[in-house]
Number of protein chains: 2
Amino acid sequence: MKTVQTRTKTAPSCVSCSKQGRGAFCGLSTDALTGLDRAKSFGTYPRGQILFQAGSRATGVHCLSSGIVKLYRVGAGGKEQILRLAGPGDLLGHRAVLGERLHDHDAEAMTDVEVCYLPADTLAPLMAAASPLVRSLVRKLVEEAAEVEGRLVERSQLRAEVRLTAFLLHLAGKGDGPARFELPLSRQELADYLGAAPETVIRALAHLSKKRLIKLEGRFVEVLDRVRLTSAAEQPAD
Amino acid sequence: MKTVQTRTKTAPSCVSCSKQGRGAFCGLSTDALTGLDRAKSFGTYPRGQILFQAGSRATGVHCLSSGIVKLYRVGAGGKEQILRLAGPGDLLGHRAVLGERLHDHDAEAMTDVEVCYLPADTLAPLMAAASPLVRSLVRKLVEEAAEVEGRLVERSQLRAEVRLTAFLLHLAGKGDGPARFELPLSRQELADYLGAAPETVIRALAHLSKKRLIKLEGRFVEVLDRVRLTSAAEQPAD
DNA sequence: CGTGGAGTTGACAAAGATCAATACTAGTGG
DNA sequence: CCACTAGTATTGATCTTTGTCAACTCCACG
């Protein structure tokens, strides 16, 4: 887990890199590619090196030249969920830059890697030049991608009842008093959303009900104890 | 599941719609918003109506004005996985339009809904005006989002061994002869990728090995019978 | 009144997690 | 060159969670 970066090797040109077919910038004109070449820097990192971490500010986009990088989130209990394995030609950190948000996952080199680095400064003017409508759509895309990834992590790390609880809290909204609302989904659809069997969902609802965290009347849900419900959505136990 | 569309109600203006805070276009200028108003059409659909289906061509973007729409994929065995519940202000179908690809999920109205519709034609020039680099990045974003969603569906509908099998085939690449490659991941990382315990992964590997579908030598994997391995990645059974 | 669909409950089986013990491997320092 | 050690991989036993199947209830609606 050393934090060394060497710069002995010379950077590959985006032009030739793109000729090899794979990679993010393949369709671009030679002009655009030489532009990238001018703006970018190049470096190598040893296996185990962290390229960026969740919560940190994105300062630019990495483009992997050789090696493999794993992108992952750490869920409750320290369990990792690998979101993506990036290989040569793949981009890292573009989501945070395009969405103008903090990184929401970690990136670690699984092998020694060579990466090009494109500072956000060179991307910002290009984004600024785009129509506000497009920028707004891009931001939406990024948010949605982050949300699905969150669900992927939940799905294999949280029990069905905990996922249900979190979903109920989401539906109940931000307020902190008790809340009453109508489920917009049937039990079957609830199951389809949570990734479980309908029976499992029903039993989980019954369990929450018996614990007096919610009150059930058909599709109507009343949150009786928001505090305990919230803690139930965080703790795998009980 | 009727396929009626009425147009009695009058469309809400994007300007006032955006004033309510939520929604995709909130940060936009009044100019841009009145531009949207000119381009868009408006309609209402009854509960149960399909707005678009996976595999169909995207002709524009929907913006939900009232009601709830479920976006879902249908996995093996006809089991639905709800990807997202869209409410007022949410966008539908933007991924396909921005990524210039077919819809990869279905959209169905869960309640009666009112939606505005922005034809792709009005978006295309805006995208075309953006830098090719940005367009390329957007395409990447869309592809990645689609992939994570696929993994979400897999996660709750396919057994661990099947997920592993599919992943091995992915790593083995496109060729159709036998293939030999080195796993770039440890058993633990394999587990972190697939969303399983390392022991489960090891046992699944051992099982595939016993069935003579692969040969294992530490991190090296040899695909012995690609055909049967492929069918094992599709069939939940056995 | 039926009739059908959604919801609920119980019994059981299957998949997978967890725990514990053991093997294997590569690097380290004598 | 040989133990020694730490990390990784493997295996078996057991427990938990969840899925599956079947019966049964509860309405809403014709």
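In what follows, chains are A, B, ... by sequence order, proteins preceding strands, each numbered from 1. Remember, it's a predicted structure, so these values are computed and weren't measured experimentally.
Straight-line distance from the CG atom of Leu158(B) to the C1' atom of dT18(D): 16 Å, rounded to whole Å. Rounding to whole angstrom units, CG of residue Leu164(B) and P of dA15(C) are separated by 15 Å. Rounded to whole angstrom, the span from the CD atom of Glu189(B) across to the C1' atom of dG7(D) amounts to 13 Å. Across the protein-nucleic acid pair, Leu208(B) atom CG and dT10(D) atom C1' stand 16 Å apart, rounded to whole Å. Between Gln157(A) atom CD and dT18(D) atom P the separation is 14 Å, expressed in whole Å. Whole-Å rounding puts the Lys79(B) NZ to dT18(D) C1' distance at 11 Å.
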Inset, instruction - Classify every nucleotide of nucleotides 5-10 of chain C by which part a protein heavy atom approaches to under 4.0 Å, writing B for the base, S for the sugar-phosphate alone and - for neither, in 5'-to-3' order. - result: --SBBB
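Under the 4.5 Å side-chain criterion, counting only non-hydrogen atoms from C-beta, Val221(B) is in contact with Leu216(B).
Evaluation of the side-chain contact (heavy atoms from CB on, under 4.5 Å) rule for Arg163(B) yields Glu154(B), Arg155(B), Leu158(B), Ala160(B), Leu194(B), Ala196(B) as partners, not counting sequence neighbours. For Lys215(B), the salt bridge (charged side-chain N to carboxylate O under 4.0 Å, His left out) partners two or more places apart in sequence, or in a different chain, are Glu217(B). By the side-chain hydrogen bond (donor to acceptor under 3.5 Å, both in side chains) test, Glu144(B) pairs with His94(A), sequence neighbours left out. Partners of Thr59(A) according to the side-chain hydrogen bond (donor to acceptor under 3.5 Å, both in side chains) rule, which considers only residues two or more places apart in sequence or in another chain, are Tyr117(A).
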Anything under 3.5 Å between a protein N or O and an N or O of nucleotides 22-27 of chain C, put it in a table, one pair a line.
none

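Within the structure, salt bridge (Lys or Arg N to Asp or Glu O under 4.0 Å) pairs that include any residue of residues 186-205 of chain A comprise Glu189(A)-Lys70(B) (at least two apart or interchain). Pairs of residues two or more places apart, or lying in two chains, never qualify as ring-ring contact (aromatic ring centres under 6.0 Å, His included) while including a residue from residues 142-165 of chain A. Applying the ring-ring contact (aromatic ring centres under 6.0 Å, His included) rule to pairs touching residues 148-168 of chain B yields Phe167(B)-Tyr193(B), sequence neighbours excluded.
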